Amino acid sequence: MAELAQEVLTKDVHKKEAAAGDGTERTRATKIYTPLVDIVERPNDILVVADMPGADENSVDVTLEKNVLTIYGRVEPVVPVDHRLAYAEYGIGDYERSFTLSDQVDGDKIEASMKDGVLRLVLPKSEKARLRKITVKSAA
Amino acid sequence: MLWSELRRSGAPWQKFGNVEQNIKRMQDEMNRLFSGMTSPVPVQPEFPAVNLWLNDTTAIATTEIAGVSPDNLEISVIGKTLSIKGSRPKAETGEGQSYHRKERWEGEFSRALELPYNVDSDKVEAKFEDGVLYITLPRAEAEKPKKIVIKSA
């Protein structure tokens, strides 16, 4: 508990609306939020984990164009029948975030999975990038 | 503050005797007045954020807690207070891993929320779907609004 309280103070874990793209307008009348992500570099791949509550595997699109990886999650707001929203601390909307990848990612082998509103992307490093690591031996 | 600068330069004020004291007093008062406005700890909204839907007979509380397993969730209702407790496991940090970004929360959370009326705790239902928790809280029977019939004289 104390640990999270600390986290909350040092990090803003609350939903943030994404900045509008330059000169682009939305056709859907919903807000767009920036999902919070963890990006972990591992020896053979890069792991991207994004919190997108309300989106499921059918409503999330992951696209890679050139070297820009975009994740987009469509959220259909659940409005309880015959109730009014009396008090709101968070907004509901779609999620979008883009990342520029270095050329060391093998775009054809990206794996994506979704569970409980958390998207997990595994971006395998290309063979070329894996081979680039040179071990330095100490001179005799 | 500007006043301190003036005071330090000294000379022009000396002949006015207690002017300096007056300025010091004003300065202290101003500082006292404004000190309450800046809290030393940044004020953050509570986590997790909750939305509350209401009608005459039920309240529905929703909260976004992606990645929390329902087994790690604890919901309890006492009178008017709804408490939600839960946790999300810490990310495993294996050999050769390094974080480029770490924005997601981890660890435990707990949140208590006061509802506008007493809840029939036996009939509370909770549903967890795609990282969103929906808690349906029916109003206690005794507190439901009663329709009053107006008799004609």
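Nothing here was measured: the structure is a model prediction, and the numbers come from that model.
- There is a path of hydrophobic side-chain contacts, each under 4.5 Å, that joins A:V37 to A:L123.
- Of the listed residues (A:L85, A:L36, A:V48), the one with the most heavy-atom contacts under 4.5 Å to chain B is A:L85.
- For A:A88, the parts lying under 4.5 angstrom from a heavy atom of chain B are both the backbone and the side chain.
- A donor-acceptor pair under 3.5 Å is absent between the side-chain atoms of A:E41 and the main chain of B:S98, judged by distance alone.
- B:V132 and A:V118 end up in different hydrophobic clusters when Ile, Leu, Val, Met, Phe, Trp and Tyr side chains are linked at under 4.5 Å.
- A 4.5 Å side-chain heavy-atom check between B:L54 and A:Y87 finds every atom pair outside the cut-off.
- Counting heavy-atom neighbours within 6.0 Å of A:R42 CZ, excluding the residue itself, gives a total above 12.
- The distance from atom CG of B:D56 to atom CG of A:D82, rounded to the nearest 0.5 Å, is 9.0 Å.
- Interface check for chain B: of the options A:G91, A:P35, A:A55, A:A50, the most heavy-atom pairs under 4.5 Å are formed by A:A55.
- Under a hydrophobic-cluster definition in which Ile, Leu, Val, Met, Phe, Trp and Tyr are linked whenever side-chain heavy atoms come within less than 4.5 Å, directly or via other members, B:V50 and B:V77 are assigned to the same cluster.
- Contacts of B:L113 with chain A are made by side-chain atoms alone, with heavy-atom separations under 4.5 Å and no backbone atom involved.
- Under the 4.5 Å side-chain heavy-atom criterion for grouping Ile, Leu, Val, Met, Phe, Trp and Tyr, A:Y95 is not connected to A:Y72 through any hydrophobic cluster.
- Judged by distance alone, with hydrogens and angles left aside, the side-chain atoms of A:D116 form no donor-acceptor pair with the main-chain N or O of B:G131 at under 3.5 Å.
- The shortest non-hydrogen separation linking A:V40 to B:Y99 is CG2-CE2, 3.5 Å.
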ask   = Are A:R84 and B:N55 close enough, and set up right, to give a side-chain contact (heavy atoms from CB on, under 4.5 Å), and what steps lead you there?
value = CA-CA 7 Å; A:R84 70 196 154 80; B:N55 70 9; over 6 Å; no
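- Both A:I46 and A:L101 belong to a common hydrophobic cluster when Ile, Leu, Val, Met, Phe, Trp and Tyr are linked at side-chain heavy-atom distances under 4.5 angstrom.
- Of all residues spanning residues 57-66 of chain B, those with a heavy atom less than 4.5 Å away from chain A's heavy atoms are B:T58, B:I60, B:T62, B:T63, B:E64, B:A66, arranged by number.
- Comparing B:V68, B:L52, B:D130 by heavy-atom pairs within less than 4.5 Å of chain A, the highest count is held by B:D130.
- Going from atom NE2 of A:H83 over to atom OG1 of B:T136 covers 7.5 Å, rounded to the nearest 0.5 Å.
- Highest contact tally toward chain B, considering only A:V75, A:D56, A:L47, is held by A:D56 [criterion: heavy-atom pairs under 4.5 Å].
- B:E103 and A:K16 are not joined by a salt bridge, as no carboxylate oxygen comes within less than 4.0 angstrom of a charged side-chain nitrogen.
- Ranked by heavy-atom pairs shorter than 4.5 Å toward chain B, the options A:K115, A:M52, A:K15, A:M114 are led by A:K15.
- With hydrogens and angles disregarded, a donor-acceptor distance shorter than 3.5 Å links the side chain of A:D38 to the backbone of B:R104.
- Both the backbone and the side chain of A:V49 come within contact range of chain B, judged by heavy atoms closer than 4.5 Å.
- The local environment of CD in B:E125 is sparse, with at most 12 non-hydrogen atoms from other residues, nucleotides or ligands closer than 6.0 Å.
- Contact detail for A:V78 and B:W53: the closest heavy-atom pair is O-CZ2, 4.3 Å.
- Proximity to chain A is absent for every atom of B:P116, based on heavy atoms less than 4.5 angstrom apart.
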